[in-house]
Amino acid sequence: MSASHRSPGAGPMGLALLGLVAALWLGWMALERNLQQACVLKQWPPLARCEALAAQPPAQRVQALREQVAANPGDARPLTALATLSHQPEGAPGLDRRALLEAASQLAPHQRQVLRLRANDALQQGQWPAAVAQLVQLAQFHGDGEAARTLALMVGQAGQDRALLNTLVSQLQPDGRWLDRVLRSLPAAKVPVVQAMPVVQAAMPLGLITPALGQVLIQQLIAGGAWLDAHAVWLHVWNRPLGLLFNGDFEQDFVKHGFDWNVADSNPYRAGARVQQPRMGQQGRVLEVVFTGRPIAQPVVSQHLVLPPGAYRFSGTYRSRGLRSNEGLAWVFTCASNRQELARTAAIKDSARGWEKISAAVPVPRDCGVGVQLSLQTFAGYEATTGLRGEVWFDQFELRSDERQP
């Protein structure tokens with residue numbers, strides 16, 4: 001049986017899409033309400049007596065609409081209303097559902113309600129390519145939220161069904177706004193982004209994963225622990241080779257929700273640590289942390305890293321002024337999966353000789369996975385509560401593989 005004529009019970013998509021069809025029927029097939037709403041919004045001007053029409057028994061409504069079709073055969077609106085009535089679960093007398101939908105489709109192939117009816121019919125018959133085509137039009141040109149969520153469910157299943165994946169990929173076009181809407185609908189459809197990665201990967205060469213959309217996907221992938229997929233989207237967004245540590249010279253503004261620096265507390269009026277990126281002469285831009293004496297949200301600054309198991313060497317420079325702290329600060333490496341500490345720098349305290357070096361050997365064991373966090377913390381936890389005062393600047397951070405260690 002071809003992909004375009006599969007029954008709803010065929011293949012691994014069967015049970016999932018049976019539930020999908022049921023959900024669509026419940027969500028979309030409140031057609032009586034849709035018909036009345038069209039009247040309220042004055043979407044169908046020929047139905048001037050909408051309230052009276054809605055109050056009539058089905059047979060009288062059908063007759064009134066038929067008279068309007070006969071009076072103006074080229075007007076798709078009463079014909080669409082008839083097609084809508086014919087799709088009601090309880091049915092309507094004397095209506096040929098298929099013939100009415102075909103006629104409405106000929107007159108108004110892109111009308112929203114016509115597309116919805118055609119999508120429902122295609123889903124009920126297991127005709128996935130036809131269903132996807134209608135849903136894509138609804139999401140692309142009508143901003144239809146239900147269509148986007150339905151496509152999100154399909155995208156989530158595509159990795160398990162090659163025919164469905166090919167169908168979705170065939171709809172990808174350089175101006176495909178529908179995919180952006182669908183991928184942003186994944187949480188509402190309760191579909192983990194990692195399940196959508198086959199479609200995301202197919203969309204990357206077409207430029208459909210924009211930086212803004214990429215940030216949304218990366219944030220959700222990181223939250224779900226899909227580090228390699230998140231990093232793949234990050235690399236695609238930047239479209240250039242990147243080091244193990246991003247923006248280690250602090251020359252560019254921080255990019256949220258990715259593998260750049262994240263600031264714990266951005267409210268300058270209540271923050272225990274204020275983070276900025278000023279320029280310092282020939283040093284260029286640096287990371288500046290000003291401690292105000294208030295309790296500190298930890299970590300002060302952090303970055304997500306993707307590090308395969310192995311040995312690494314971290315290095316950088318710092319300078320401080322008036323840093324009042326008993327134990328100082330530290331840059332700490334931890335496993336994202338279990339918060340196991342892997343390494344930390346020596347305590348960073350007040351420096352009297354200008355810029356000083358910091359470093360740490362960073363072993364990443366196999367049970368850590370590939371997700372690692374680098375974060376600035378108080379060396380002793382209690383000082384985050386009591387607060388610090390003073391200023392610290394950081395620059396020239398680098399992380400590299402350390403081949404000297406096993």
(request) Answer yes or no: is there a donor N or O on one side and an acceptor on the other, between the side chain of Gln303 and the main chain of Phe246, under 3.5 Å? (result) yes
(message) Testing the basics here: between Pro299 and Ser302, what is the closest heavy-atom pair and its distance to 0.1 Å?
(response) CG-CB, 3.9 Å
(message) Tell me whether Asp395 is salt-bridged to Arg319, with the criterion being a basic N under 4.0 Å from an acidic carboxylate O.
(response) no
(message) I want to check something: taking the side chain as every heavy atom from C-beta on, are Leu374 and Val332 in contact at a cut-off of under 4.5 Å?
(response) no
(message) To the closest 0.5 Å, what do you measure between CH2 (Trp234) and CD1 (Ile222)?
(response) 8.5 Å
(message) Within the 4.5 Å heavy-atom criterion, are Met197 and Leu221 side-chain neighbours or not?
(response) yes
(message) For Trp128 versus Leu164, what's the shortest heavy-atom pair and its separation?
(response) CB-CD1, 4.5 Å
(request) Apply the test side chain to side chain contact (heavy atoms under 4.5 Å, CB included) to residues Gln298 and Leu376: give CA-CA distance (whole Å), side-chain angles for both, the deciding distance (0.1 Å), then the verdict. (result) CA-CA 8 Å; Gln298 299 236 64; Leu376 178 64; over 6 Å; no
(request) Quick one: closest heavy-atom pair of Ala158 and Leu168, and the distance? (result) CB-CD1, 3.8 Å
(request) Taking the side chain as every heavy atom from C-beta outward, state whether Val114 and Leu117 have any atom pair closer than 4.5 Å. (result) no
(message) Are there over 12 heavy-atom neighbours, none belonging to Arg339, within less than 6.0 Å of that residue's CZ?
(response) yes
(message) Strictly distance-based, threshold 3.5 Å: is any side-chain N or O of Thr210 a donor or acceptor partner for the main-chain N or O of Leu213?
(response) yes
(message) Once rounded to the nearest 0.5 Å, what's the spacing between atom CG of Leu235 and atom CE of Met204?
(response) 9.0 Å
(message) Looking only at side-chain N and O atoms, does Thr334 offer a donor or acceptor that is under 3.5 Å from a partner on Gln340?
(response) no
(message) When you compare the side chains of His110 and Gln137, does any donor N or O come within less than 3.5 Å of an acceptor on the partner?
(response) yes
(message) I'd like to check Leu165 versus Pro198 (side-chain heavy atoms, cut-off strictly below 4.5 Å). Are they in contact?
(response) yes
(message) Checking the side chain of Gln134 only, and the main-chain atoms of Arg116 only, is there a donor and an acceptor separated by less than 3.5 Å?
(response) no
(message) Please tell me whether Gln113 and Gln111 have a donor and an acceptor in their side chains that are separated by less than 3.5 angstrom.
(response) no
(message) Within the supplied structure, the quantity of interest is the number of heavy atoms (other residues, nucleotides, ligands) at a distance under 6.0 Å from Arg177 CZ; does it exceed 12?
(response) yes
(message) Quick one: does any side-chain atom of Ser337 pair with a main-chain N or O of Cys368 as donor and acceptor, under 3.5 Å?
(response) yes
(request) Decide whether Glu356 and Thr317 meet the rule of one side-chain donor and one side-chain acceptor closer than 3.5 Å. (result) no
(message) Rounded to the nearest 0.5 Å, what separates atom CD1 in Ile209 from atom CG in Asp180?
(response) 8.0 Å
(request) Decide side chain to side chain contact (heavy atoms under 4.5 Å, CB included) for Glu391 and Ser320; before the verdict, give the C-alpha distance in whole Å, the side-chain angles of both, and the deciding distance to 0.1 Å. (result) CA-CA 6 Å; Glu391 301 168 281; Ser320 63; over 6 Å; no
(request) Rounded to the nearest 0.5 Å, what's the gap from CG on Asp229 to CD on Gln220? Could you check? (result) 13.0 Å
(message) Quick check on the 6.0 Å ring-centre criterion: do Trp331 and Phe397 meet it?
(response) yes
(request) Please examine the side chains of Val289 and Arg274, heavy atoms only from C-beta on, and report whether any two atoms are closer than 4.5 Å. (result) no
(message) Do Trp261 and Val263 have side chains that approach each other closer than 4.5 Å (heavy atoms only, starting at C-beta)?
(response) no
(request) Assess the side chains of Gln252 and Arg285: does a donor N or O sit below 3.5 Å from an acceptor N or O? (result) no
(request) Any chance you could lay out the side chain to side chain contact (heavy atoms under 4.5 Å, CB included) test for Met154 and Leu123, step after step, and finish with the verdict? (result) CA-CA 11 Å; Met154 290 182 157; Leu123 284 168; 3.5 Å; yes
(message) If you define the side chain from C-beta out and look only at heavy atoms, does anything of Leu206 sit under 4.5 Å from Gln173?
(response) no
(message) Pair Phe259, Trp227 - check side chain to side chain contact (heavy atoms under 4.5 Å, CB included), show working.
(response) CA-CA 10 Å; Phe259 292 88; Trp227 294 95; 4.0 Å; yes
(message) If you take the centroid of each ring, where Trp contributes its six-membered ring, are Trp178 and Phe141 closer together than 6.0 Å?
(response) no
(request) Examine distances only and state if a side-chain atom of Asp144 and a backbone atom of Leu138 form a donor-acceptor pair shorter than 3.5 Å. (result) no
(request) Heavy atoms only: give me the nearest Ala131-Ala122 pair and the separation to one decimal. (result) N-CB, 3.5 Å
(message) Tell me the closest heavy-atom pair linking Leu208 and Pro174, and the distance in Å.
(response) CD2-O, 3.5 Å
(request) Determine the minimum heavy-atom distance between Ala384 and Thr378, stating which atoms define it. (result) N-OG1, 3.7 Å
(message) On the six-membered ring of Phe333, is Arg344 placed so that its NZ or CZ lies under 6.0 angstrom from the centre and within 45° of the ring axis?
(response) no
(request) Determine whether Leu329 and Leu388 make a side-chain contact, defined as any pair of heavy atoms from C-beta on separated by less than 4.5 Å. (result) yes
(message) Nearest 0.5 angstrom please: Leu307 CG to Gln373 CD, how far?
(response) 12.0 Å
(request) Find the distance between OG1 (Thr386) and CD1 (Ile296) and round it off to the nearest 0.5 Å. (result) 7.5 Å
